[in-house]
Protein chains: 2
Amino acid sequence: MPRPQALVTVDVVIFTVREDALQVLLVQRGAAPFKDRWALPGGFIREDEPLEHAALRELEEETGVRDVYLEQLYTFGDPTRDPRGRVITVSYFALIASDRQTLAAGTDAAAARWWPAGAPPPLAFDHREILEYGVERLRNKLEYTTVGFQLLPARFTLTQLQRVYEAILGRALDKRNFRRKMELLDILTPLDEWVREGTGRPAQLHRFSARQFARLKDKGILFPF
Amino acid sequence: MPRPQALVTVDVVIFTVREDALQVLLVQRGAAPFKDRWALPGGFIREDEPLEHAALRELEEETGVRDVYLEQLYTFGDPTRDPRGRVITVSYFALIASDRQTLAAGTDAAAARWWPAGAPPPLAFDHREILEYGVERLRNKLEYTTVGFQLLPARFTLTQLQRVYEAILGRALDKRNFRRKMELLDILTPLDEWVREGTGRPAQLHRFSARQFARLKDKGILFPF
DNA sequence: CCAAAAGTGTTAGGAGTACACCCATGG
DNA sequence: CCATGGGTGTACTCCTAACACTTTTGG
């Protein structure tokens, strides 16, 4: 039985929401192939390194971003996806709060910046396909998990939360229905703090309360918007 | 930058429903490591072979089973999961109708047989974990897709369909509510044929009608039992 | 007092769940 | 006529979706 070895990489699709838009973090490649093209942060796994560890390491090395929500996305293994030969990539899906985007271009990448997830530049390899798969996953997960909170600071207003949902789903949500749903889910704790967004009435800050998370998960769907 | 090569395998968790129970297809290993242990069908990918192709090929080689519903499940890459060294496995999830289980032990496996998915024998490697992940995926997909139909012959009775759902979900469903839901979804076409199951009144045969599938997928949840 | 954003309630329709009896058939 | 499995309807509850005005604040 043949046992061909393969090169294995990890690639990370990391999202944030900034200025009411879903954004994805890309790095500009400093070496061939696809030199100067934008790409998902990622790279080769090391020996004796768990896959998830490699994803977090590459993300931090190339962008300076750490402490993110991370989960495996999909494994792409088409024999022609990398001109260098057989390279299989295990892609990961990550989220980071809008207030924790401390970018720093690293050694491997000439540059790192956020791009609109819906309008990225031309991407290296099959990274466009991976990105689209990530957007789809995010939309789906939004409906039955609490991932939306991963994209916000620890303290946030209900309007900010709604904007995150609207940015990801790509459509407007009714303010009253949105708030009633959150009230019903009982996962927000109101704080004794108010902030002024622009020039109007100040909004009350809330924090996410994981207290009820297990119960809600059992019940099934969390956010059926 | 280090570029360690890795061995890449595919493993297939394939389910059927037989005798009102969810069953999984396992093969008995003929070689070390874990010789004589039961394992998921699978093996090393070939050069220039797409991952999905490898999964289908290994499944047929080891069990004789072909023409199945197949989708990628998860990639397991813990450095210690295989005593031979760094082996990453891309696992696949498959379904086959109860009337198409033409098993044939192949070259790699000493034997292949169906086991109850909830009570498998001791498994090689981390295959127990992979199996449990597959069961979870099946339960989840049942609720928002039409995978249930993959487990039935082309023509089936409503009672047979309900038994499939009950076997996977592990609980009884209300007959009237189940039928109303199927009626509402409008994905079944009744045929002018009746079969007798046991000794009672004959049941009408139906077939799955993919006609409405796209519409339903847009609508979101398909089978919220 | 005005502009801007926060906050708040009601109603109607659709889906889910619980529940029990009659029907058709062969032996 | 009886045993066996197939097939049917109703009432209640809960969630969803549509919809507009008042409140608070700073300038």
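Here the structure is a predicted model, which means the values were calculated and not measured. Protein chains get the first letters and strands the later ones, always in sequence-line order, with residue 1 at the start of each.
Both B:R180 and A:L158 lie close to DNA chain C; mapped to their nearest nucleotides by heavy-atom distance, the more 5′-ward contact belongs to A:L158. When each of A:R201 and B:W194 is assigned the nucleotide of DNA chain D bearing its nearest heavy atom, the one mapping closer to the 5' terminus is B:W194. Projected onto DNA chain C by closest heavy-atom contact, A:G200 and A:H206 fall at different nucleotides, the more 5' of which corresponds to A:G200.
One can place CD of A:Q160 at 13 Å from P of C:dA5, the figure rounded to the nearest angstrom. Following rounding to the nearest Å, B:E183 (CD) and C:dA15 (C1') show an atom-to-atom distance of 15 Å.
Among the nucleotides C:dC19, C:dA15, D:dG6, the one closest to the side chain of B:D174 is C:dC19. Checking C:dA15, C:dG9, D:dG7 against every side-chain atom of B:K175, the shortest atom distance belongs to D:dG7. Comparing D:dT8, D:dG7, C:dT8 by their nearest atom to the side chain of B:A203 picks out D:dG7.
Taking CG from A:L131 and CG from A:L26, the interatomic distance works out to 7.0 Å, rounded to the nearest 0.5 Å. To the nearest 0.5 Å, atoms CG (B:L158) and NE2 (B:H206) are separated by 4.5 Å.
Counting non-hydrogen atoms of other residues, nucleotides and ligands closer than 6.0 Å to CD of B:Q204 gives a total above 12.
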List every contact pair, protein side and nucleotides 12-14 of chain C side both N or O, where the distance is under 3.5 Å.
none

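Between D:dG5 and B:T199, no contact under 4.0 Å exists linking OP1 or OP2 to a side-chain N or O. Considering only side-chain N and O atoms, B:K181 lies under 4.0 angstrom from the phosphate OP1 or OP2 of C:dG16. Checking the phosphate oxygens (OP1, OP2) of C:dG7, a side-chain nitrogen or oxygen of A:R179 falls inside 4.0 Å.
Sorted by first and then second residue, the salt bridge (charged side-chain N to carboxylate O under 4.0 Å, His left out) pairs with a member in residues 11-28 of chain A read A:D20-A:R163; sequence neighbours excluded.
Contacts of B:T159 with the nucleic acid, taken as non-hydrogen atoms under 4.0 Å apart, involve only primed sugar atoms and P, OP1 or OP2.
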Let me have the donor-acceptor pairs involving side chains of residues 112-125 of chain B, under 3.5 Å, with sequence neighbours excluded, atom names and distances please.
none

Any chance you could lay out the ring pair (Phe, Tyr, Trp, His ring centres under 6.0 Å) test for B:F208 and B:F156, step after step, and finish with the verdict?
CA-CA 9 Å; B:F208 173 57; B:F156 52 85; 8.1 Å; no
Stepwise, does the side-chain contact (heavy atoms from CB on, under 4.5 Å) test hold for B:V68 with B:L56?
CA-CA 8 Å; B:V68 299; B:L56 293 171; 3.9 Å; yes
